[in-house]
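Inspection log for the structure reproduced underneath, given as structure tokens.
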Amino acid sequence: MVGCVMALAGVRVIELAGLAPAPFCGMILADFGAKVIRVDRTKVAMAVDTLARGKQSVAVNLKSPEGVAVIKRLCVQSDVVLEPFRKGVMEKLGLGPEELQKENPQLIYARLTGYGQRGSYAMAAGHDINYVAMSGLLSMLGRSSEKPYAPLNLVADFAGGGLMCALGIVLALLERSRSGKGQIIDASMVEGAAYIGSFMWKSRSIGLWNRPRGENMLDSGAPFYDTYRTADGKYMAVGAIEPQFYDQLIQGLGLDAVDLPSQMSVSDWPQLKQTFTRVFAKKTQAEWTRIFDGTDACVTPVLSLDEVGSHPHNHERGSFLRNAQGEVSPRPAPVLSYSPAEPSMSRDPFIGEHTRAVLKEYGFEAAQVEKLLSAGIVECNEAKARL
């Protein structure tokens, strides 16, 4: 359906430049058609935002009243403001939600922070590992007899943060189509991570997490839900939970179920894991992949970032894209049948590359723009973009 209007076409977003979670949220919105304008600071040589696909950049001096006035004008003419600062920063600038919504009651104001806008930690600094720790999830992540292990900075920053904030924005846009009113989104990464982990809470009553960390069925305790090193130093991932899938795993490994303990004999799991470890080490990843492809054993190769694009399944679906600079990244998900995302394949914007064009689009006269540029209130890097 290439050529269809994307789902968020016509939505204008002002994203205050920040680190990973908010830029990811902004990139999701841009991928699905929103016009996302990132507000960068002046006198900054290089952007730290590596998730700038499809965005425009304006550079504004936030320390000057004139610069704040420029941002305010952009915000009140937009649909969404996305800000990543600690509680109170935007209010000190005169850019808080109450101030902006007085001029634009339809404005959706998304506040993405670690601990949220209320609570004793609302003003505290933190990073993904802290937010996952406070969500309860970190206590459950890690191998048996080892300390809790944070899985990169994915759970809070991106799943519980950027993605959940994007969901909140889309929900607010949907609700606004009925009421005509904007609203404030308080996106806490602690709460977002905890919500992503709802299954952990909801499944405690059925005994899935009765044993210590790393000794349960889904946290690497079970031999049929783990990774195994192959003869060439690579790995295979095994997720053969159901009995019929487990039977195919045993068959593919060339083992006889008669010689093995019962699948769900928890006390025998360490011994069974040792058996699987010895067997997987006898063949290469490619050999095991050939054995298990086409079966329902739930065994797949652990692919590196350099390998995923060339895997036949991913290649057939076009799951990974290559941009104009040759960089590979995932295709936006999910895939919509009528209005799929058509992400920009151009390079990321330079800081201030679109300042002049954006200000004119938002109603600034040419003479006003040049005056702001001359005074250092805004910066424009169009020349750098042409190099």
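Numbers here are sequence positions counted from 1.
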Legend entry - Derivation of the salt bridge (charged side-chain N to carboxylate O under 4.0 Å, His left out) call for K72 and E103: CA-CA 10 Å; K72 184 174 182 179; E103 297 193 36; 3.1 Å; yes

Inset, instruction - Walk me through it: do W288 and Y228 pass the test ring pair (Phe, Tyr, Trp, His ring centres under 6.0 Å)? - result: CA-CA 11 Å; W288 285 121; Y228 293 93; 10.0 Å; no

Inset, instruction - Mind checking the SG-OH spacing from C298 to Y225? Nearest 0.5 Å is all I need. - result: 9.5 Å

Inset, instruction - Starting from the C-alpha separation in whole Å, work towards a yes-or-no answer on side-chain hydrogen bond (donor to acceptor under 3.5 Å, both in side chains) for S329 and R53. - result: CA-CA 10 Å; S329 59; R53 183 169 62 201; 3.0 Å; yes

Legend entry - N61 CG to I377 CD1 distance, which is reported to the nearest 0.5 Å: 5.5 Å

Inset, instruction - Answer yes or no: is there a donor N or O on one side and an acceptor on the other, between the side chain of D128 and the main chain of A156, under 3.5 Å? - result: yes

Legend entry - Basic-acidic side-chain contact under 4.0 Å: R356, E370: yes

Inset, instruction - Dump the intermediate steps for side-chain hydrogen bond (donor to acceptor under 3.5 Å, both in side chains) on D232 and T230, then the final yes or no. - result: CA-CA 5 Å; D232 53 347; T230 57; 2.5 Å; yes

Inset, instruction - Quick one: pull up CZ in F280 and OG1 in T227 and give me the separation to the nearest 0.5 Å. - result: 10.0 Å

Legend entry - Atom pair OG1/CG of T275 and D268 - distance to nearest 0.5 Å: 10.0 Å

Inset, instruction - List the steps, then state whether salt bridge (charged side-chain N to carboxylate O under 4.0 Å, His left out) holds for R211 with E215. - result: CA-CA 6 Å; R211 298 176 61 79; E215 297 180 17; 3.3 Å; yes

Inset, instruction - Measure the shortest side-chain to side-chain distance between F85 and M90 over non-hydrogen atoms and say whether it is less than 4.5 angstrom. - result: yes

Inset, instruction - Compare all side-chain heavy atoms of I241 with those of Y246 and state whether any distance is below 4.5 angstrom. - result: no

Legend entry - Side-chain touch F364/V378, heavy atoms, less than 4.5 angstrom: no

Legend entry - Option passing side chain to side chain donor-acceptor pair (under 3.5 Å) with D79 (candidates R12, Q106, K35, R176): R176

Inset, instruction - Could you grab the distance from atom NZ of K202 to atom CG of L208, nearest 0.5 Å is fine? - result: 14.5 Å

Inset, instruction - Start with the C-alpha gap between S203 and W209, add the side-chain angles, then the distance that decides, and say whether side-chain hydrogen bond (donor to acceptor under 3.5 Å, both in side chains) holds. - result: CA-CA 8 Å; S203 60; W209 314 107; 2.8 Å; yes

Inset, instruction - May I ask you to test the F224-M264 pair for a side-chain heavy-atom distance under 4.5 Å? - result: yes

Legend entry - Under-4.0 Å salt bridge between E353 and R38: no

Inset, instruction - Considering only NZ, NE, NH1 and NH2 on the basic side and carboxylate oxygens on the acidic side, decide whether K92 and E99 come within less than 4.0 Å. - result: no

Legend entry - salt bridge (charged side-chain N to carboxylate O under 4.0 Å, His left out) evaluation trace for K234 with E307: CA-CA 12 Å; K234 297 184 177 182; E307 295 171 325; 3.2 Å; yes

Legend entry - 4.5 Å side-chain heavy-atom contact, S319 and V308: no

Inset, instruction - To the nearest 0.5 Å, tell me how far F32 CZ sits from E342 CD. - result: 11.0 Å

Legend entry - Over-ring placement of R73 relative to Y362, 6.0 Å and 45° cut-offs: no

Legend entry - Derivation of the ring pair (Phe, Tyr, Trp, His ring centres under 6.0 Å) call for Y115 and Y131: CA-CA 7 Å; Y115 297 110; Y131 311 141; 5.1 Å; yes

Legend entry - Member of D49, D348, D31 meeting the salt bridge (Lys or Arg N to Asp or Glu O under 4.0 Å) criterion with K55: D49

Inset, instruction - State plainly whether the residues D226 and K273 are in salt-bridge range, i.e. N to O under 4.0 Å. - result: yes

Inset, instruction - State which residue, out of T42, I71, V70, fulfils the side-chain contact (heavy atoms from CB on, under 4.5 Å) condition with L62. - result: I71

Legend entry - Short side-chain donor-acceptor distance under 3.5 Å, S179 and E175: yes

